[in-house]
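Input: a single structure, listed below in structure tokens.
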Amino acid sequence: MPKEDEFLYGEFPKNFWWSVASSAYQVEGGWRDDGKGLSIWDQFSHTPLKISNGDNGDVACDSYHKIEEDVEMLKSLKVSSYRFSISWSRVLPDGTTRYVNEMGLNYYERLIDALLAANIIPQVTLYHWDLPQALQNVGGWENDTIVQRFKEYAELLFQRLGDKVKFWITVNEPYNVAYAGISIRPGRAPYVVAHNLIKAHAEAWHLYNDTYRAKQGGLISITINSDWAEPRNPHNQEDISAARRYLEFLLGWFAHPIFKTGDYNEVMKTRIRERSLAQGLSQSRLPEFTESEKQRIKGTYDYFGLNHYTTVLTYNLNYPAVTDRSWLNSGSFWLKVTPFGFRKLLRWIKEEYDNPPIYVTENGVSERGASDFNDTWRIHYYRSYINEALKAIVLDAVDLRGYTAWTLMDNFEWAVGFDEKFGFYHVNFTDPDLPRRPKASARYYTQIINCNGFPDAAAGLHPCLELESEGKRYSRNCAFLV
């Protein structure tokens, strides 16, 4: 058995899903095409001084007009599935079912058909941050009527796409919707938003479970983002407690109600109540679920969707998080290369939430500045992180069933615009045709998929290493693999 920091050779389980992800606002463009309504990101990105360089997603990667090119990239990567999101306002311009935009819906039907024709499983996210502006105008996620609006939106997609889509994600990273949402006020608002997100997720899950599952036979759950929290001093009980608290407030905020009890964890309830009262409030800023809501929320999952990128060090001072200066940087200030935390987080989820099936729905690393097509640091990131995922399966018996890399191609990276690039494919944003070109990491990821893991070169040349790519034969000496 290898030591913690040793590389593990071996294969992932048979039928393991290899995927790559994107999201609607980050790649589609076509912001006013064919009757699409405005989203909060259309509005926000046109607000002066909000986005780096004044960038916006009006055109982005123009995926709205480039289904063929996108699917060719996916075929070249050899992924078994593709995670993308639906633009709510493209399908329902005012966020309600009063008017269904058939041309917008048709784009997703064509994309799904193209994926299926290429033998690629569509993984569809209902909500990846781009709320229709019309719903934001009446309070957005702070207005509890949104629970019903989200359910109606989900029903339309189940009805129209559910015969072909067998993997649904209700909400991407509810923590970031609640805390980093573009119109959020501090104080009570993030907790109200989170409360409504959890209820909306539960309603969509029950709708699918009760009405569509028997006929369509798919899976539906939520994707929760989390860093791993490592105690700054592993021998200091206060730092250990701070790490636990960090995870309870980040991952546990949403996972505890959905995967455990139907209610928030005690750490959050106690701490927020105490702080609220100390601030002179008459009650906790954390809303309460009714008993019937708890019953409705508990168990609304078919798998645990996890987005993970990095690790933080915690210590006992209102659980602040710091990083270790020895950790490698990336193109994003918040993202340090810390593969060891990935395995620890997967194991924590297994132990904390009774061993649910897990799909990693995002993991990747960014760069800044001029693109280097020989992106060896990204290869290093994927090699080490994916190997930690293999260790979690082989050594820790974690029920990990799929892995999704972020992202297919360089795209609009939210508030930093086009400055940070996570893609396997470079996109030339200065050329109106937006040509895509693979980086070395694309070939490397294809090789991992081809091998379903990491065959030991010492055991001789594995057939999977005979990978033809762009007319060159790679990995005769397993250069990409070791």
Side-chain angles (χ1 to χ4, degrees), residues 18-39 41-42 45 55-91 101-125 128-130 157 161 164-165 172 362 364 371 373 404-414 417-439 441-443 445-446 469-470:
W18 294 102
S19 183
V20 68
S22 70
S23 87
Y25 188 73
Q26 294 178 271
V27 300
E28 282 179 8
W31 77 295
R32 300 310 318 258
D33 288 19
D34 301 331
K36 179 188 168 294
L38 289 178
S39 78
W41 272 93
D42 294 317
S45 66
D55 292 338
N56 60 55
D58 292 4
V59 178
C61 305
D62 202 27
S63 287
Y64 187 66
H65 300 108
K66 293 183 178 290
I67 289 176
E68 206 170 294
E69 289 98 315
D70 287 1
V71 173
E72 279 305 312
M73 288 192 288
L74 294 164
K75 284 161 69 174
S76 177
L77 282 174
K78 295 191 174 355
V79 290
S80 45
S81 52
Y82 176 45
R83 179 188 169 206
F84 62 95
S85 74
I86 307 279
S87 165
W88 189 339
S89 59
R90 193 180 293 287
V91 173
N101 183 22
E102 291 295 337
M103 290 183 79
L105 203 53
N106 177 255
Y107 163 68
Y108 298 108
E109 289 169 339
R110 288 183 291 117
L111 173 59
I112 289 163
D113 285 344
L115 291 171
L116 293 174
N119 204 26
I120 296 167
I121 299 162
Q123 296 174 288
V124 177
T125 306
H128 199 126
W129 305 358
D130 48 349
L157 298 182
L161 307 177
K164 294 175 178 176
V165 174
N172 178 72
E362 283 181 31
S371 279
F373 286 92
T404 304
W406 181 271
T407 174
L408 175 59
M409 58 188 149
D410 297 339
N411 58 39
F412 178 84
E413 195 51 49
W414 307 112
F418 297 102
D419 284 352
E420 294 177 11
K421 305 173 184 76
F422 281 81
F424 284 125
Y425 283 77
H426 170 266
V427 179
N428 183 352
F429 292 106
T430 62
D431 183 329
D433 289 334
L434 299 165
R436 288 90 149 112
R437 182 179 157 198
K439 304 172 190 176
S441 56
R443 293 190 291 269
Y445 189 46
T446 303
S469 182
E470 299 184 339

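Taking each heavy atom of Thr407 and Ala21 in turn, the nearest pair found is OG1-O, 2.7 Å. The minimum heavy-atom distance linking Tyr25 with Ala60 is given by the pair O-CB, 4.2 Å. Taking all atoms of both residues into account, the shortest heavy-atom contact from Val427 to Arg436 is CG2-CG, 4.1 Å. Minimum interatomic distance between Asp55 and Phe418 (heavy atoms only, all atoms of both residues): OD2-N, 3.0 Å. Closest approach of Cys61 to Lys66, counting heavy atoms only: O-CD, 3.7 Å. For Ile86 against Leu157, the heavy-atom pair with the smallest separation is CG1-CD1, 4.0 Å.
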Query raised in the report: Yes or no on side-chain contact (heavy atoms from CB on, under 4.5 Å) for Trp41 and Asn56, after CA distance, side-chain angles and deciding distance?
Result: CA-CA 9 Å; Trp41 272 93; Asn56 60 55; over 6 Å; no
Report task. Kindly determine whether Glu362 and Arg83 satisfy salt bridge (charged side-chain N to carboxylate O under 4.0 Å, His left out), including the steps that lead there. Result -> CA-CA 9 Å; Glu362 283 181 31; Arg83 179 188 169 206; 3.2 Å; yes
Query raised in the report: Could you go step by step and tell me if Ile120 and Lys75 meet the side-chain contact (heavy atoms from CB on, under 4.5 Å) rule?
Result: CA-CA 8 Å; Ile120 296 167; Lys75 284 161 69 174; 4.2 Å; yes
**Report entry** Lys439 vs Asp410, side-chain contact (heavy atoms from CB on, under 4.5 Å): CA-CA, chis, key distance, verdict
**Finding:** CA-CA 11 Å; Lys439 304 172 190 176; Asp410 297 339; 2.9 Å; yes
Query raised in the report: side-chain contact (heavy atoms from CB on, under 4.5 Å) between Asn411 and Ser63: does it pass, once the steps are laid out?
Result: CA-CA 10 Å; Asn411 58 39; Ser63 287; over 6 Å; no
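In this structure, the separation between OG on Ser23 and CG on Asp130 is 6.5 Å, given to the nearest 0.5 Å. The distance from the CG atom of Leu115 to the NZ atom of Lys164 is 11.0 Å, given to the nearest 0.5 Å. In this structure, Asp58 CG and Asp42 CG are separated by 7.0 Å, a value rounded to the nearest 0.5 Å. One finds the CG atom of Leu74 at 6.5 Å from the CG atom of Leu77 (value rounded to the nearest 0.5 Å). Atom OG1 of residue Thr446 and atom CZ of residue Phe424 lie 8.0 Å apart, to the nearest 0.5 angstrom.
Residues meeting the side-chain contact (heavy atoms from CB on, under 4.5 Å) test with Ser89, sequence neighbours left out: Lys36, Ser39, Ser87, Pro132. With sequence neighbours left out, the ring-ring contact (aromatic ring centres under 6.0 Å, His included) criterion links Tyr108 to no other residue. With sequence neighbours excluded, the residues forming a side chain to side chain donor-acceptor pair (under 3.5 Å) with Trp414 are Gln26, listed by chain and number. Listed by chain and residue number, Val100, Leu105, Arg160 satisfy the side-chain contact (heavy atoms from CB on, under 4.5 Å) test with Glu102 (two or more places apart in sequence, or in another chain). Partners of Tyr425 under the ring-ring contact (aromatic ring centres under 6.0 Å, His included) rule, at least two apart in sequence or in another chain, do not exist in this structure. In this structure, the side chain to side chain donor-acceptor pair (under 3.5 Å) partners of Ser81, at least two apart in sequence or on a different chain, are Ser19, Gln123.
Looking at Asp34 and Tyr64, their side chains do bring a donor and an acceptor atom within 3.5 Å of each other.
Partner of Met409 under the side chain to side chain contact (heavy atoms under 4.5 Å, CB included) criterion, chosen from Glu69, Lys421, Met73, Arg437: Met73.
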